[in-house]
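Note that the structure is a prediction, hence the values are computed from the model and not measured.
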Amino acid sequence: MMGDSERRILSTNMNENLGDSNSSSILKVYGSYGIVGAVIVAIAIPILLSILMGKRKSKQRGVPVQVGGEVGLAMRNARSVKLVEVPWEGATTMAALFEQSCKKHSQERCIGMRKVTSKEFVTANDGRKFEKLHLGEYQWETYGQVFDRACNFASGIVKLGHDVDTRAAIFADTRPEWLIAFQGCFRQNITVVTIYASLGDDAVIHSLNETQVPTLVCESKQLKKLAAISSSLKTIRNVIYFDDEETSSSSSVNQDMDNWRISSFSEVEKLGRDSSVQPRLPIKTDIAVIMYTSGSTGLPKGVMITHGNIVATAAAVMTVIPRMGSKDVYLAYLPLAHVFELAAETVMLTAGAAIGYGSTLTLTDTSNKIKKGTKGDASALKPTLMAAVPAILDRVRDGVLKKVDEKGGFSKKLFNIAYSRRLAAIGGSWFGAWGLETFLWDIIIFKKIRSILGGEIRFMLCGGAPLSGDTQRFINICMGAPIGQGYGLTETCAGATFSESDDTSVGRVGPPLPCCYIKLVSWEEGGYAITDKPMPRGEILVGGCSVTAGYFNNESKTKEVYKVDERDMHWFYTGDIGRFHPDGCLEIIDRKKDIVKLQHGEYISLGKVEAALMSSDYVENIMIYADPFHNFCVGLVVPSHQVLEGWAQEAGIKYKDFSELCDKPEAIKEVQRSLSKEAKAAKLDKFEIPAKIKLLPEPWTPESGLVTAALKLKREQLKNKFKNELQELYE
Ligand SMILES: *[C@@H]1O[C@H](CO)[C@@H](O)[C@H](O)[C@H]1NC(C)=O
Ligand SMILES: *[C@@H]1O[C@H](CO)[C@@H](O)[C@H](O)[C@H]1NC(C)=O
Ligand SMILES: *[C@@H]1O[C@H](CO)[C@@H](O)[C@H](O)[C@H]1NC(C)=O
């Protein structure tokens, strides 16, 4: 569900950013001798206590529920009999929620931002120039002030001549004004079209044209790009750009776009401040957002999200994060045009938390754009809550491990002892997980690591793609904070399941959020059934308050994946395959389509890759397999006897039979070389080229049940038959 935006996050060098922080000081603490005594105490006491206290019973988190619609097995959140629709009575729309929260928290910090203190360019060894920023402390506006600004923007956009029955679009990176413009539009019941800042021209043109947008809100740096495609943006009349220190060039842009009225964000706010316009508030079934998500194929689709959807998701997530409140500080840096971040920030507004804005390039003290010796966003803000995508957490982990490895010796041993002790404690007793031992190890080892993200993180929200168990554990232990792993799609307004903070298992995405039901329905072709043992399996359906209204301007696609049952409940067919654990938690185990989202969020279309690689002479048949918990794919190849044997003869390779030839490393290498060549010719991405392959001597025939009569691959059957081979390829 993340697509392009995630790729963008990936491309910023988070690895160094997070890993290098406090490089030399992380492990200095190890030096003192008192440590040995502390270590002994740390190990001995919890062992004794855990023997005395015994193990905790596993807790029921999801329970079966009777629902309408297609036959299947449905679960609801165990804590909530009725579906949660609103965080509190009366907050039925984003506009109402925001207004009421701003009244309630009017004097408290709402939005914070850092100003640039100074800027410099450094030249790297290879001659490339990098901009380095020295950013100041966070400067805050209260909920009361932010509410006023949103009201001013609402009036200003009307004064500007925007017809409230038409839509407005936001095309920008995450920043405070994004949220203000967004909330401002809702006060006039204007539907907001959101577009990833990283989408290509075709996608931007398509989204703006399809929704007939007359007013576009963007960053000043995008004015040039928009001018270049202005002849294709026929519906645009007004462009509002965010003020920047660098923006003084708007007049020069003006000439290129004389039929556009270009205004700065502050001009629009002033327009509204000078003469206010009566609000025109929406109701819960009105469309709040049309969110364009980068599809894995073709043009992006606009998902229609209602006000009711967003407040339901926010209300539900509120119940999952323990002790949410106005003391919380949230670091906002993921793209707001993505439903995950949008939902997270809405949750913060609901709780009255402080939202400090940052960016991936300035996140930590060692981030690329941060001047040496100055503070990154996390250490300046000291957030208590943070959202992350797996790609970012993987980098945190790799960075820390790299540092530990570099240190080596006693430091590394101590880290490993601490880590394995904490790991054992998590699986074991209640006291072991949260008691004295935790406390001691924290002081000895983990405190310094935590300071990378400011040292105050108490809960992390993770979503966007599956998180590997290893990384989840690592972050749990080193950051000392539970990770709430969410599963959801734009079509379900991010809300589907969410793992609970006291759940220490890995690899699962938790029970249904209280705003929706999760239903599994059998998928016969795929061999998944709700009667499967030991756990029921099937396609995942989401039903309830967070299920969106469908795709904009595409009824046939909407009808295909959204169904309304006899009780008027809306169900979304996710195309993902899952299974329910006995405690009611969901685990994602497969995808129905042949499109797999890799661990870092890239989509890999198996069919496309196979078609490209088939052009190699060596390939008689090929199946690409991609495990979503890895960032590469592997391949099973049936080689052509004739071509492979011809090559072997020429290369002077000796072999008994074809099967032995297939196992020869030289043969595998040769076929792989040929595949890489074809992949390059077809312009495949690196992650689309199988990292490892296995050559299989036996052809796949319809008789063997591995391909259809039309010789199409039967993936499920192939996967089953070559389970062990595939597993080996990933080792
Ligand atoms: C814009 O949309 C109209 C229909 O609303 C369509 O006829 C036209 O081809 C589209 N133009 C572009 C550039 O996509
Ligand atoms: C909000 O706007 C939509 C679209 O223009 C309209 O259909 C709806 O009736 C409006 N809602 C209210 C409460 O006026
Ligand atoms: C609707 O979506 C389908 C599938 O994504 C696509 O093939 C079709 O062209 C879309 N129709 C319109 C009117 O955009």
Side-chain angles (χ1 to χ4, degrees), residues 113 115-116 146 148-188 190-277 289-290 292 335-337 357:
M113 205 186 171
K115 284 225 172 76
V116 178
V146 171
D148 288 343
R149 287 186 69 185
C151 291
N152 291 340
F153 183 84
S155 300
I157 195 171
V158 174
K159 286 280 164 209
L160 204 60
H162 179 90
D163 170 1
V164 290
D165 286 324
T166 61
R167 306 173 188 95
I170 305 181
F171 179 53
D173 281 329
T174 295
R175 54 186 283 160
E177 290 80 5
W178 202 111
L179 204 64
I180 292 169
F182 191 64
Q183 296 293 348
C185 286
F186 296 153
R187 296 197 60 75
Q188 289 295 333
I190 295 169
T191 298
V192 176
V193 175
T194 64
I195 307 169
Y196 286 159
S198 57
L199 277 193
D201 290 349
D202 287 349
V204 173
I205 293 169
H206 168 73
S207 321
L208 294 175
N209 183 48
E210 190 175 50
T211 49
Q212 301 281 299
V213 165
T215 302
L216 176 62
V217 181
C218 69
E219 280 162 298
S220 57
K221 69 177 184 209
Q222 270 149 350
L223 287 171
K224 260 217 182 81
K225 173 178 170 161
L226 291 165
I229 56 172
S230 64
S231 62
S232 303
L233 301 176
K234 295 256 187 288
T235 60
I236 301 288
R237 296 285 167 267
N238 307 301
V239 174
I240 302 169
Y241 65 89
F242 296 138
D243 305 73
D244 263 324
E245 287 120 71
E246 283 124 83
T247 346
S248 44
S249 53
S250 65
S251 53
S252 68
V253 181
N254 245 330
Q255 292 155 7
D256 300 322
M257 309 186 276
D258 25 282
N259 53 345
W260 291 2
R261 175 168 176 184
I262 299 179
S263 327
S264 73
F265 195 80
S266 55
E267 279 163 18
V268 178
E269 283 184 273
K270 181 166 185 308
L271 216 62
R273 197 162 46 236
D274 291 347
S275 68
S276 71
V277 173
V289 185
I290 300 176
Y292 277 87
L336 261 170
Y357 283 84

For the student: nearest non-hydrogen atoms of [X] and [Y], plus distance:
X      : Y      : result
Ala154 : Gly184 : CB-O, 3.2 Å
Ser275 : Lys159 : OG-CE, 2.9 Å
Gly156 : Leu271 : O-CD2, 3.7 Å
Arg261 : Leu160 : NH1-O, 3.4 Å
Val192 : Cys185 : CG2-CB, 3.5 Å
Tyr241 : Ser220 : CD1-CB, 3.9 Å

**Study point:** CZ on Arg273 to CG on Asp148, rounded to 0.5 Å
**Key:**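 Between atom CG of Asp148 and atom CZ of Arg273 there are 10.0 Å.
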Exercise for review: Would you give the length of the straight line joining atom OG of Ser232 to atom CD1 of Ile205, rounded to the nearest 0.5 angstrom?
Suggested key: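 So the gap between those two atoms works out to 4.0 Å.
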Main-chain N/O of [Y] paired to [X] side chain as donor or acceptor, under 3.5 Å:
X      : Y      : value
Thr235 : Val213 : yes
Thr174 : Leu336 : yes
Glu267 : Ser264 : yes
Ser155 : Ser276 : no
Gln212 : Asn209 : yes
Lys224 : Lys221 : no
Gln222 : Glu219 : yes

Evaluate the side-chain proximity of [Y] to [X]: yes if any heavy-atom separation is below 4.5 Å, no if none is.
X      : Y      : answer
Leu223 : Cys218 : yes
Thr215 : Ile157 : yes
Ile170 : Val193 : no
Pro214 : Ile236 : no
Trp260 : Leu233 : yes
Thr194 : Ile290 : no
Val217 : Phe171 : no
Leu179 : Tyr357 : yes

Practice item. Using a cut-off of 6.0 Å, state whether more than 12 heavy atoms not belonging to Lys270 lie near its atom NZ. Key: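 Incorrect, the count does not exceed 12.
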**Study point:** Ring centers of Phe153, Phe265 separated by less than 6.0 Å
**Key:**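 Ring centroids of Phe153 and Phe265 are less than 6.0 Å from each other.
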Exercise for review: Under the salt bridge (Lys or Arg N to Asp or Glu O under 4.0 Å) rule, what do Asp163 and Arg237 come out as? Steps first, then yes or no, please.
Suggested key: CA-CA 11 Å; Asp163 170 1; Arg237 296 285 167 267; over 6 Å; no
Practice item. Assess whether side-chain contact (heavy atoms from CB on, under 4.5 Å) is satisfied between Phe182 and Val289, documenting all intermediate values. Key: CA-CA 9 Å; Phe182 191 64; Val289 185; 3.6 Å; yes
